[in-house]
Amino acid sequence: MAEKYSRTDEHNLPDFKSHDEARRFLKEKHGRALQLVGKEEIDGEMIYFYDLILNREVYVKGMNELIMKGHSSGLEFLMSSQRIEIWEDGRIHMIH
C-alpha cells in the first residue's frame with residue numbers, strides 16, 4: 001500500500017523535465033496505486049491529475065458510491081487517496 005507524501009517528501013522529489021518523466025518515476029515507485037483521473041488545459045499547458053491510492057478497498061467503494069449516487073460520504077474515502085497534479089513541464093503539486 002502506498003504512503004501519503006508529506007510536503008517534505010514532495011519538496012525532495014527530483015526536478016523532472018516533462019510530464020512523462022515525472023509520471024514514469026511515480027509509476028515505477030507506486031505501480032497501479034497511481035491512477036490517472038483526468039487532465040485539463042490551463043493557460044495553454046496541460047495538467048494531468050492522478051490519484052495515489054492509499055487504501056484500495058475504501059477508494060474503490062467510495063468511487064463506486066460516487067458513480068452510483070453522484071456523491072460519496074465519509075472522511076475515510078477522502079483519506080483513501082492523495083491527489084497529484086503533474087504539469088507538461090514536469091512540475092508536481094500534491095494535495096496535502
List the atom of [X], the atom of [Y], and the distance in Å for their closest heavy-atom pair.
{"X": "Y5", "Y": "H96", "value": "O-ND1, 3.2 Å"}
{"X": "G44", "Y": "E88", "value": "O-OE1, 4.2 Å"}
{"X": "I47", "Y": "E85", "value": "CG2-CB, 4.1 Å"}
{"X": "H30", "Y": "L52", "value": "CG-CD1, 3.5 Å"}
{"X": "S72", "Y": "E65", "value": "OG-OE1, 3.1 Å"}
{"X": "I86", "Y": "A22", "value": "CG2-CB, 3.8 Å"}

Could you give the distance from [atom1] ([X]) to [atom2] ([Y]), rounded to the nearest 0.5 Å?
{"X": "K29", "Y": "L34", "atom1": "NZ", "atom2": "CG", "answer": "11.5 Å"}
{"X": "E76", "Y": "N55", "atom1": "CD", "atom2": "CG", "answer": "6.5 Å"}
{"X": "F49", "Y": "I84", "atom1": "CZ", "atom2": "CD1", "answer": "12.5 Å"}
{"X": "I53", "Y": "M63", "atom1": "CD1", "atom2": "CE", "answer": "8.5 Å"}
{"X": "D20", "Y": "K27", "atom1": "CG", "atom2": "NZ", "answer": "13.0 Å"}
{"X": "Y59", "Y": "N64", "atom1": "OH", "atom2": "CG", "answer": "10.5 Å"}

If hydrophobic clusters are built by linking Ile, Leu, Val, Met, Phe, Trp and Tyr wherever their side-chain heavy atoms come under 4.5 Å apart, do [X] and [Y] end up in the same one?
{"X": "L36", "Y": "F16", "value": "yes"}
{"X": "L75", "Y": "F77", "value": "no"}
{"X": "M46", "Y": "I92", "value": "yes"}

F25 side chain reached by L13 side chain, heavy atoms, under 4.5 Å: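 A side-chain contact exists here, since the closest heavy-atom pair is under 4.5 Å.
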Trace of the side chain to side chain contact (heavy atoms under 4.5 Å, CB included) decision for L26 with Y50: CA-CA 10 Å; L26 292 171; Y50 292 88; over 6 Å; no
CG (D15) with more than 12 external heavy atoms under 6.0 Å: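 Not more than 12 within 6.0 Å, no.
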Check against side chain to side chain contact (heavy atoms under 4.5 Å, CB included), I95 and H93: CA-CA 7 Å; I95 307 303; H93 174 70; 3.6 Å; yes
D89 with K17: basic N within carboxylate O range, under 4.0 Å: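 So D89 does not pair with K17 through a salt bridge.
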Residue pairs, two or more places apart or on separate chains, that pass side chain to side chain donor-acceptor pair (under 3.5 Å) and touch residues 31-49: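 Listed once each, the pairs are E45-R91.
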Trace of the side chain to side chain contact (heavy atoms under 4.5 Å, CB included) decision for R83 with V37: CA-CA 9 Å; R83 180 59 51 97; V37 293; 3.6 Å; yes
